[in-house]
Amino acid sequence: MKQDITEALKFHFGFDKFKGNQKAIVENVLAGKDTLVLMPTGGGKSLCYQLPSLMMEGTALVISPLIALMKNQVDSMRNFSEEDGVAHFINSSLNRAAIDAVKQDILSGRTKLLYVAPESLTKEENIGFLRQVIISFYAVDEAHCISEWGHDFRPEYRRIRPLINEIGKQPVIALTATATPKVQHDIQKNLGMMDATVFKSSFNRPNLYYEVRSKGNDVDREIIKYIKNHDGKSGIIYCLSRKKVEEFTGILCANGIKALPYHAGMDSQMRSNNQDAFLMEETDVIVATIAFGMGIDKPDVRYVIHYDIPKSLEGYYQETGRAGRDGGEGKCIAFYANKDLQKLEKFLQGKPVVEQEIGKQLLLETAAYAETAVCRRKVLLHYFGEEYTEDNCGSCDNCLNPKILIEAKDLLLTVLESIEALKEKYKTDYMVNLLMGFETSEIISYKHNELEFFGIGQEEDERTWNAVIRQAQIAGYLAKDIENYGLLKITANGKMFIKKPVSFKIVKDNEFDEDESSETPLRGGGSCAADPALYAIMKDLRKKLSKQLEVPPFVIFQDPSLEAMATTYPVTLEDLQNIPGVGAGKAKRYGSEFIAIIRKYVEENEIERPEDMRVRTVANKSKLKVWIVQSIDRKIALDDIAISKGLEFDELLDEIEAIVYSGTRINIDYFINEAMDEDHILDIYAYFKESETDRLEKAIKELGSDYTEEEIRLIRIKFLSELAN
């Protein structure tokens, strides 16, 4: 049999040897046994059912979720065979004549592989037809779709087992590129294959580099710069919404990058054309939602960028898995802002409670991955139930920039003893709140604020406690009870630790400063200027002007604008308008003195200015801003403006803030006077007049709970427009 399999591999596919577990998997299928294959993207899953289908009598029925995937797989199989009829698909894209031709090929015995979508499988007509066919076995591809805990749950996958029973029982091979232990169990249970032989390959992709960057408002600029530095290489950029896909594709094209969009809202022919253009290298970049890429066999994708952090780590792993499938370079860069996760959590509202709980837990895992300072490879593999024993993978941002380890033996002991005292009935966020002494409504209702150890951990910050709990899981002292929405459980090793504590060193989580990066149209952070000396000179000038004009310094230019000036050295008013947060109005009003000192500094220090990379915006985005300004001029209520453009109210405020920060004067008094109490208007305005910073978080803290975030943002817009513009 061994010789036959290897000869068949060479004959049908031209390969001399199998990869990884492929040979053992094929043998298991040929022996008529149920088989579960857990193998990362690029590991060669398809061959595990393609080869046995060619060697067995009858037709293998492959259940697959995407039309694009089917087309890709069928084309691939036909390339390996002289007979076009060797592989077919039946789905909604085929007309009656095409379906009849497919059925004829199957009944004549020419077809060895038939791809169907689960929706097509449920049609009585198709079930009746398949009962007449000799089925060699069933292959369920993307099997994680069967689990609510998977990143792409599809309820119709739950009907596969009853349909198999109806068509005729034969062995099942289920395949997935991502499966946590919980998802694996769901797959086996729902497909009725608890006794299946499980083949689990390592999920480690050594050639992939993982990095998470803070997502500020210059994210477009960062991505464009990255793509231009990797000119001619293929890349995928994932966005969460169709709207963002269209918008960002336009921005890339406006900046001279060959890019095409891909999302489920597009016409199927256009989607197919764009996918083919990417495969045929007629375009360098695909900007897509998660609808793109499942099973797409393009081996030389050199980078995968997540514009928005995904909803789950499984989704993230599978999407990054499209990079470097040939074993070559594969860069995986994700942009992270906690604000994005808050938006995703909002989308869960209105869904069934169980679905909300699952969704929230998956988001927490994603946040933990983004914020951790531990080796990203170690965290990812632990999530999939695999231990990575190397101390430094050498191929992620955290390992290339390692942080100092701190001894956390006593902290871990505190965590374990607290969890034990509460009978292992609570989740991470609850335990952190308890240790920090936060009197949340939940803690008060359980009277846990009266416990002896309530607030015992106040000397440490939340990041430290989160890091202890996350890293204790990786070290095997704690485990999450997935069945119970992530309740923390103490493992046998954890119980041993309580009896006899040993050294336990951790690294603190990365800090993603959101004060400026997500709440104003500029990316914040302490001084990250390339030239601290020039930055200090400009801060002094700003302070001087602030006193002369009797306005707070941030009204003139925000810190991130000064940082950008100290990085790119603008020496003309036109250059200055390329700086984030500086529009034409602001450049004319305040720019000349800054330009003069920058020009003088550049000459005196013989500085070679870096070539400035200006991000050209797309007309549509400019149109939106112009339309908003015109609507405000016509005194249309802001909530009506938001509704008419399909924006959330906070998204509209983002747009208006960007307008005023870049120097355009607008008047929203008509809306404020209608929507707000006069005392609130005066109080918030007075706060900004006295404040040294326009940071929203600080304003909320200083003003207190009597004032809503929306009220503060509205008055901040009024204040900046009146004083700065």
Residue pair Leu400, Tyr209: steps toward the side chain to side chain contact (heavy atoms under 4.5 Å, CB included) verdict:
CA-CA 10 Å; Leu400 292 178; Tyr209 164 80; 3.7 Å; yes
Spacing of Arg158 atom CZ and Leu191 atom CG [to the nearest 0.5 Å]:
10.0 Å
Do the charged groups of Lys427 and Glu357 touch, with an N to O distance under 4.0 Å?
yes
Would you say Glu417 has more than 12 foreign heavy atoms packed within less than 6.0 Å of its CD?
yes
Looking at Lys489, I want to see if its NZ is surrounded by more than 12 non-hydrogen atoms of other residues, nucleotides or ligands under 6.0 Å.
yes
Please report the shortest heavy-atom distance between Ala264 and Arg242, naming the atom on each side.
CB-NH2, 3.6 Å
Count the heavy atoms belonging to other residues, nucleotides or ligands that lie under 6.0 Å from CZ of Arg159, then report whether that count exceeds 12.
no
Identify the two heavy atoms, one from Thr366 and one from Pro310, that lie closest to each other, and give their separation to 0.1 Å.
CG2-O, 3.4 Å
Evaluate Tyr383 against Phe203 for side chain to side chain contact (heavy atoms under 4.5 Å, CB included), listing each step before the verdict.
CA-CA 10 Å; Tyr383 185 73; Phe203 277 65; over 6 Å; no
Shortest non-hydrogen contact from Pro65 toward Asp141
CD-O, 4.2 Å
Contact check, side chains of Glu424 and Asp481, non-hydrogen atoms, under 4.5 Å
no
Smallest heavy-atom separation, Cys48 atom then Ile25 atom, equals CB-CG2, 3.6 Å
Applying side-chain hydrogen bond (donor to acceptor under 3.5 Å, both in side chains) to Glu462 and not counting sequence neighbours gives none
Any side-chain heavy-atom pair from Gln188 and Gln184 closer than 4.5 angstrom?
yes
With rounding to the nearest 0.5 angstrom, report the CG to CZ distance, Asp397 to Arg213.
9.0 Å
Looking at Leu405, I want to see if its CG is surrounded by more than 12 non-hydrogen atoms of other residues, nucleotides or ligands under 6.0 Å.
yes
Can you establish whether the number of heavy atoms outside Phe453 located under 6.0 Å from its atom CZ is more than 12?
yes
Indicate the ring-plane relationship of His306 and Tyr238, choosing parallel, tilted or perpendicular according to the 30° and 60° boundaries.
parallel
Hey, are the side chains of Leu412 and Gln471 touching, using non-hydrogen atoms and a 4.5 Å cut-off?
no
Taken to the nearest 0.5 Å, the spacing of Glu211 CD from Ser395 OG works out to 10.5 Å
Inter-residue atom distance Lys508.NZ - Arg463.CZ, 0.5 Å rounding
6.0 Å
Apply side chain to side chain contact (heavy atoms under 4.5 Å, CB included) to Tyr262 and Val245, showing your working.
CA-CA 7 Å; Tyr262 190 106; Val245 165; 6.0 Å; no
Using side-chain heavy atoms (C-beta onward) and a distance below 4.5 Å, is Asn398 in contact with Val507?
no
So if I apply the side-chain hydrogen bond (donor to acceptor under 3.5 Å, both in side chains) rule between His144 and each of Asp186, Thr176, Thr180, which one comes out positive?
Thr176
Run the ring-centre check on Tyr369 versus Tyr210 and record whether the distance is less than 6.0 Å.
no
Distance check, rounded to the nearest 0.5 Å: Asn466 atom CG versus Glu460 atom CD?
12.5 Å
Say whether Thr197 and Asn28, considering side chains only, have a donor N or O and an acceptor N or O under 3.5 Å apart.
yes
Tell me if the CG atom of Asp195 is crowded by more than 12 foreign heavy atoms within 6.0 Å.
no
Heavy atoms of Thr372 and Asn510 approach each other most closely as O-ND2, 2.8 Å
Does NZ in Lys403 sit with more than 12 non-hydrogen atoms of other residues, nucleotides or ligands closer than 6.0 Å?
yes
Please round to the nearest 0.5 Å and tell me the distance separating atom OH of Tyr226 and atom CD1 of Ile333.
4.0 Å
Any salt bridge between Arg154 and Glu142, counting N to O under 4.0 Å?
no
Given Ile237, which partner from the list Val304, Ile286, Ile223 fulfils the side chain to side chain contact (heavy atoms under 4.5 Å, CB included) test?
Ile223
Smallest heavy-atom separation, Asn449 atom then Ile444 atom, equals OD1-CA, 3.9 Å
Is any side-chain heavy atom of Lys244 closer than 4.5 Å to a side-chain heavy atom of Val287?
no
For the residue pair His448 and Tyr426, does the interplanar ring angle fall in the parallel (under 30°), tilted (30 to 60°) or perpendicular (over 60°) class?
perpendicular
Would one find more than 12 heavy atoms of other residues, nucleotides or ligands at under 6.0 Å from atom NZ of Lys33?
no
Does the pair Arg302 and Asp326 meet the rule for a salt bridge (charged side-chain N to carboxylate O under 4.0 Å, His left out), with working shown?
CA-CA 10 Å; Arg302 291 292 161 241; Asp326 56 1; 2.6 Å; yes
Compute whether any side-chain donor of one residue and acceptor of the other, for Glu365 and Ser312, lie under 3.5 angstrom apart.
no
Check against side chain to side chain contact (heavy atoms under 4.5 Å, CB included), Asp461 and Thr464
CA-CA 6 Å; Asp461 57 21; Thr464 304; 2.6 Å; yes
Does any non-hydrogen side-chain atom of Tyr138 lie less than 4.5 Å from one of Ile160?
no
